[in-house]
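In what follows, residues are counted from 1 in the order of the sequence shown. Indexing begins at 1, ligand by ligand and atom by atom, following the structure's order.
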Amino acid sequence: MRRSWAEPYKIKMVEPIRMTTPEERATAITAAGYNTFLLRAEDVYIDLLTDSGTSAMSDRQWSAMMLGDEAYAGSRSFYRLVDAVQEVYGYEELVPTHQGRGAEHILSQILIGEGDVVPGNMYFTTTRFHQEHAGGRFVDVIVDEAHDPESLFPFKGNVDLDKLQRVIDEVGADRIPYISVETNVNMAGGQPLSLENLKATYELCHRHDILVMLDATRALENAWFIKQREYGYADHSVAEILREICSYTDGATMSSKKDNLVNIGGFLALRDPELARKARALLVAFEGLHTYGGMSGRDMEALAAGIHEMVSTDDHVAARIGQVEYLGNALIKAGIPLIRPVGGHGIFIDAMAVLPHIPQDQFPAQALTAALYKESGVRGMERGIVSAGRDPKTGDHHYPKLELVRLAIPRRVYTQAHMDVVAESVVEVFENREAVRGLRFTYEPDELRFFQARFEEV
Ligand code: PLI
C-alpha cells in the first residue's frame with residue numbers, strides 16, 4: 001500500500017506566533033505604505049514573504065556552529081566549507097560572500113565591461129541590478145512558455161537556444177562575457193530547466209567562448225524536478241543530478257539562504273583559478289578577507305553542514321517540494337489562478353487574472369499582496385511590475401508579462417495545518433476580489449524599488 005509522505009524530521013524547538021486583529025492589520029499595512037517589506041514581522045501571522053534566510057536549521061547545524069573557528073584568516077571553518085562545495089557542487093575555487101548578491105556583485109565586476117550584454121533565462125532583481133551597475137545590459141532568453149501562467153510545459157526555466165543564438169549574432173560573442181543561467185527560475189514561478197537544455201546551452205556558449213555562470217540558488221530543487229520529469233533520471237539521486245548540473249557550467253553564484261538551509265551566507269564558485277584570483281582581489285574590498293567573505297566562522301560551519309545535509313538523502317527535498325505542491329493543489333482545487341506547474345519554492349498567484357479591474361500600472365500584484373495580509377495576516381511578496389522596475393535608458397516601467405503574488409514557503413518551518421490556513425485565506429480574498437483597489441506610489445526609490453517603495457490606494 002502506498003502511504004502519504006511526511007517530513008523527514010521531528011520538531012525539537014518551537015517559536016510562538018500570534019494572530020492579529022483585523023484592526024491591527026489595517027493599521028499596520030497603512031503604516032507600511034501597502035508594502036509587505038515594510039511590515040514588522042511581529043505583525044505577521046504566517047510569513048511567506050520569502051524562502052530566503054528563513055529556513056529552520058537542524059540540530060546538527062546548530063551544534064556545528066559551536067565549532068566555528070573565528071580566526072580572521074585561514075579559519076578551519078572556511079576549509080570545511082571549501083570541502084563541502086567541492087564535494088557537493090564540484091567547483092574547485094570558492095570565494096565566500098555574505099549572501100548571493102555579494103557574489104553577483106563580484107562576478108559582474110570582474111567579467112562585465114561597459115556596453116556588454118548578459119543574456120539570462122529571465123531576470124532576477126539583484127542579479128540584473130549588478131549586471132547593469134557594471135555597465136552591462138541584460139537580455140531575456142528564456143523560453144516563451146515561461147511567460148504563460150497556464151502552460152504546463154515541464155521545463156519553463158529552459159533557455160531558448162534560438163533567442164540566445166540571435167543575441168550572439170546581433171551583438172557578437174565578444175560583447176557577451178557570460179550567460180547567466182538560473183536554476184528553478186524564481187521570477188518565472190520557481191520553474192526548472194532540463195539537463196538536456198543546460199548541456200545544449202553550454203555547448204553553444206563554448207563554441208563562441210562565452211562562459212556559462214549558474215545561479216545555483218535553488219539548484220537542488222531544480223535537481224528534484226529533473227529526477228521527476230526528465231527522461232533517464234528517475235533512478236539518479238538528487239546529489240548526482242546536482243553535480244551534473246554544475247558540470248555544464250564554468251562557475252556559480254549562490255545565495256546559501258535558500259537550498260543550503262542557513263539564515264545567512266553565500267558564495268561565488270569558479271573553475272578558472274585566474275578568475276578566482278581577480279574575484280578575491282575585489283572581495284577584500286567589498287565583502288571581507290578571502291577566507292570568510294562576510295561570514296563568521298560559525299556561519300561557515302552551519303553552511304558546510306547544510307550543504308551536506310540537503311543532499312544526504314532525497315527525502316529532504318521531496319518533503320520540501322511536497323509541501324509546496326500540497327498548498328498549490330489546494331489552491332488549484334479552489335479555482336485560484338496561479339502559475340502551473342506548481343514551482344519549487346512557492347505559489348505564484350496570477351494577479352492580473354484575479355484583479356482584471358486593476359490596470360498593470362496600478363500594481364495589481366502589490367494590491368493583492370496587501371489585501372491578503374489585511375485579510376489574514378499572511379505575508380507574501382509582489383513579483384510583478386513593481387519588482388521589474390524601470391528601464392534605465394527610457395525611464396519607463398518594465399511591463400513584465402507575469403504579474404504575481406508570491407507565497408514563498410520557508411524550509412522546514414511551517415506545517416500542513418499552516419498551509420491549510422493559507423489556502424483558506426487566499427480563497428477568502430479571492431471571493432472578495434472586487435473590493436481590492438489599485439495603488440499609486442507615494443515614494444519610489446531609484447534602485448530595487450520594491451524593497452522600500454510606499455503606496456496609497458487610488
Ligand atoms: O538575497 P541574496 O542576496 O542572498 O541572493 C540574491 C538572489 C539571487 N538569485 C536568486 C535566484 C534569488 O532568488 C536571490 C534572492 N532571492 C530572494 C531574496 C527571494 O526572496 O527570492
Note the single closest protein heavy atom to [atom], along with its residue, its atom name and the distance in Å.
atom: atom 9 (N) of ligand 1; answer: Asp215 OD2, 2.7 Å
atom: atom 16 (N) of ligand 1; answer: Lys258 NZ, 3.0 Å
atom: atom 8 (C) of ligand 1; answer: Glu104 OE2, 3.1 Å
atom: atom 6 (C) of ligand 1; answer: Thr126 OG1, 3.5 Å
atom: atom 2 (P) of ligand 1; answer: Gln99 NE2, 3.3 Å
atom: atom 1 (O) of ligand 1; answer: Arg101 NH2, 2.9 Å
atom: atom 4 (O) of ligand 1; answer: Ser255 OG, 2.6 Å
atom: atom 7 (C) of ligand 1; answer: Phe124 CE2, 3.5 Å

Check your understanding: Can you name the one residue among Tyr248, Tyr89, Tyr91 that meets side-chain contact (heavy atoms from CB on, under 4.5 Å) with Leu214?
Key -> Tyr91
Check ion pair [X]-[Y] (N to O, under 4.0 angstrom):
X: Arg137; Y: Glu114; answer: no
X: Arg298; Y: Asp69; answer: no
X: Glu375; Y: Arg25; answer: no
X: Asp51; Y: Arg320; answer: yes
X: Glu7; Y: Arg412; answer: no

If we only count N/O pairs under 3.5 Å, is [X] in contact with ligand 1?
X: Gly265; result: no
X: Arg218; result: yes
X: Thr127; result: no

Atoms in ligand 1 flagged as close to [X], the criterion being non-hydrogen separation under 4.0 Å:
X: Glu182; value: 11 (C)
X: Gly100; value: 2 (P), 3 (O), 4 (O), 5 (O)
X: Thr50; value: 19 (C), 20 (O)

What I want to check is whether the side chains of [X] and [Y] have a donor and an acceptor closer together than 3.5 Å.
X: Glu104; Y: Thr126; result: yes
X: Asp361; Y: His397; result: no
X: Asn186; Y: Arg406; result: yes

Check your understanding: With a cut-off of under 6.0 Å to the ring centre and 45° to the axis, is Arg454 in cation-pi contact with Tyr443?
Key -> no
Check your understanding: Any idea which part of Lys257 is under 4.0 Å from ligand 1, heavy-atom wise: side chain, backbone, both or neither?
Key -> side chain
Check your understanding: Using a heavy-atom cut-off of under 4.0 Å, does the side chain or the backbone of Arg406 touch ligand 1, or both, or neither?
Key -> side chain
